[in-house]
Amino acid sequence: MGGDRPTGDRHVPVLRDRCVSLLAPAVASAEAAGRRPVVVDATLGMGGHSQTMLERFPAAHLVGIDRDTEALGLAGERLAAFADRTDLVHAVYDELPEVLDDLGIEDVDGVLFDLGVSSLQLDERDRGFAYSYDAPLDMRMDTSSGITAAEVVNTYASEDLLRIIRTWGEEKFAGRIASAIVTAREAEPLRTTSQLVDVIRGVVPASAARTGGHPAKRTFQALRIEVNQELSVLERAVPAAVDSVVLGGRVVAMSYHSLEDRIVKSAFTAGTRSSAPVGFPVELEEHKAYLRSLTRGTEAPTAAEIEENPRAASAKLRAVERIKAAPVDRKTR
């Protein structure tokens with residue numbers, strides 16, 4: 001499990017240097033204005049990105065948010081040398097406005113999202129995120145609350161399982177898998193990852209695995225998203241982050257599958273385009289774009305970064321800068 005290894009050795013931050021470089025101008029602008037820069041790591045994890053930001057931005061204060069108490073503990077150890085410049089908070093990242101209010105912080109200069117399941121959660125076998133290890137079917141990012149994956153597979157109706165696996169997992173064999181889960185649980189509750197993997201293997205053609213990867217990959221993704229309500233949280237979190245940054249502030253987001261990227265793209269695009277009605281003769285001030293895109297489409301890791309950290313292979317990076325105040329009806333707080 002690697003629990004006795006230093007946190008820094010267990011976690012290689014994805015696109016670390018690029019993310020920090022994208023945030024750097026906003027931090028510099030705050031310093032030039034005589035303000036203390038504030039940056040938010042909305043998905044703290046084991047603190048790899050946060051450590052780099054604190055090292056490169058010595059005047060900055062960092063707010064780190066994570067729903068995983070184990071991750072918060074490990075990140076706290078990693079960032080101990082910067083304790084006077086950090087606030088590490090147990091929360092879900094869509095609670096960003098409440099976190100900032102509680103800390104008495106009105107605006108921030110940068111927000112970073114590194115979405116999806118963390119290296120810690122994948123590596124800790126007893127968390128149940130990985131289909132390659134036998135473990136209890138848990139998959140909760142916050143193990144102190146919420147339903148488990150076992151509760152989902154053993155209590156959800158067949159049509160709900162079908163919807164989740166098809167929608168969140170983009171799995172073309174969702175119907176077969178949902179039916180097989182219902183049949184299997186009638187004989188014995190599904191309590192472990194290996195039990196679920198066996199059920200899936202029994203109905204997904206071997207030929208599909210040769211081209212689409214592990215047959216359980218998409219179903220596990222779907223269950224993880226359902227258990228943690230990841231996409232509904234993200235739909236609230238990205239606009240909240242945009243609304244929290246000052247003029248010149250930046251929001252950087254890394255996603256790892258098309259569902260996450262679609263939400264990030266939609267929120268960013270809403271701010272980078274004019275909202276004037278089609279055919280409207282004059283673009284009023286309130287219709288003007290309030291965000292500027294800093295990436296052309298998505299950016300991807302280099303071959304060297306993927307070699308160093310294979311989990312970076314599917315990463316898609318987008319970033320925007322706040323260039324004017326958001327419309328009043330878009331404010332989240």
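Predicted, not measured: the structure shown is a model, and the values here were computed from it.
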Full working for salt bridge (charged side-chain N to carboxylate O under 4.0 Å, His left out) between D109 and R36: CA-CA 9 Å; D109 299 285; R36 178 191 65 170; over 6 Å; no
Check whether [X] and [Y] end up in the same hydrophobic cluster, where Ile, Leu, Val, Met, Phe, Trp and Tyr are linked by side-chain heavy atoms less than 4.5 Å apart.
{"X": "I263", "Y": "I164", "result": "yes"}
{"X": "L291", "Y": "V246", "result": "no"}
{"X": "V233", "Y": "V89", "result": "yes"}
{"X": "F57", "Y": "L54", "result": "yes"}
{"X": "L162", "Y": "I165", "result": "no"}

Output, in order, the C-alpha distance, side-chain angles, deciding distance and verdict of side-chain contact (heavy atoms from CB on, under 4.5 Å) for L247 and I323. CA-CA 6 Å; L247 293 180; I323 58 173; over 6 Å; no
What verdict does the side-chain contact (heavy atoms from CB on, under 4.5 Å) test give for Q195 and R185, after you've listed the backbone C-alpha separation in whole Å, the side-chain angles of each residue and the deciding distance to 0.1 Å? CA-CA 10 Å; Q195 285 178 291; R185 76 189 189 192; over 6 Å; no
Salt bridge (charged side-chain N to carboxylate O under 4.0 Å, His left out), that's the test. Do R140 and D142 meet it? Break it down for me. CA-CA 5 Å; R140 291 174 298 169; D142 181 354; over 6 Å; no
Under the side-chain contact (heavy atoms from CB on, under 4.5 Å) rule, what do V38 and D107 come out as? Steps first, then yes or no, please. CA-CA 8 Å; V38 177; D107 297 292; over 6 Å; no
What distance separates [X] [atom1] from [Y] [atom2], expressed to the nearest 0.5 Å?
{"X": "T219", "Y": "I181", "atom1": "OG1", "atom2": "CD1", "answer": "6.5 Å"}
{"X": "K265", "Y": "S258", "atom1": "NZ", "atom2": "OG", "answer": "11.5 Å"}
{"X": "D114", "Y": "L15", "atom1": "CG", "atom2": "CG", "answer": "8.5 Å"}
{"X": "I65", "Y": "D87", "atom1": "CD1", "atom2": "CG", "answer": "10.0 Å"}
{"X": "L79", "Y": "R85", "atom1": "CG", "atom2": "CZ", "answer": "10.0 Å"}
{"X": "F82", "Y": "L62", "atom1": "CZ", "atom2": "CG", "answer": "10.0 Å"}

Assess whether salt bridge (charged side-chain N to carboxylate O under 4.0 Å, His left out) is satisfied between R218 and E170, documenting all intermediate values. CA-CA 7 Å; R218 293 181 178 85; E170 300 179 296; over 6 Å; no
Please answer whether the main-chain N or O of [Y] pairs with a side-chain N or O of [X] as donor and acceptor at a distance below 3.5 Å.
{"X": "D66", "Y": "L72", "value": "no"}
{"X": "S244", "Y": "A241", "value": "yes"}
{"X": "R250", "Y": "G110", "value": "no"}
{"X": "D138", "Y": "G128", "value": "no"}
{"X": "N228", "Y": "M139", "value": "yes"}
{"X": "S179", "Y": "G175", "value": "yes"}
{"X": "R176", "Y": "V203", "value": "yes"}
{"X": "R78", "Y": "M46", "value": "yes"}
{"X": "H90", "Y": "T69", "value": "no"}
{"X": "E226", "Y": "A222", "value": "no"}

Yes or no on side-chain contact (heavy atoms from CB on, under 4.5 Å) for F113 and V251, after CA distance, side-chain angles and deciding distance? CA-CA 8 Å; F113 292 98; V251 180; 4.0 Å; yes
Would you check if the distance from the ring center of F220 to the ring center of F129 is below 6.0 Å?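 Ring-ring flag for F220/F129: false, centres at least 6.0 Å apart.
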If I compare all heavy atoms of I200 with all of A216, which pair ends up nearest, and what's the gap?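 I200 and A216 have their closest heavy atoms at CD1-CB, 3.8 Å.
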Is it the case that R201 and H214 place a side-chain donor and acceptor less than 3.5 Å from each other?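 Note: R201 and H214 side chains meet the donor-acceptor criterion.
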Answer yes if the side chains of Y156 and E151 hold a donor-acceptor pair under 3.5 Å, and no otherwise. no
Does any non-hydrogen side-chain atom of Y131 lie less than 4.5 Å from one of T193?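 SC-SC contact between T193 and Y131 ruled out.
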Count the heavy atoms of every other residue, nucleotide or ligand shown that sit under 6.0 Å from CZ of R166, and state whether that count exceeds 12. no
Residue that, paired with L317, satisfies side-chain contact (heavy atoms from CB on, under 4.5 Å) out of T298, V252, L294, V264: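 When side-chain contact (heavy atoms from CB on, under 4.5 Å) is applied between L317 and each of T298, V252, L294, V264, only V252 qualifies.
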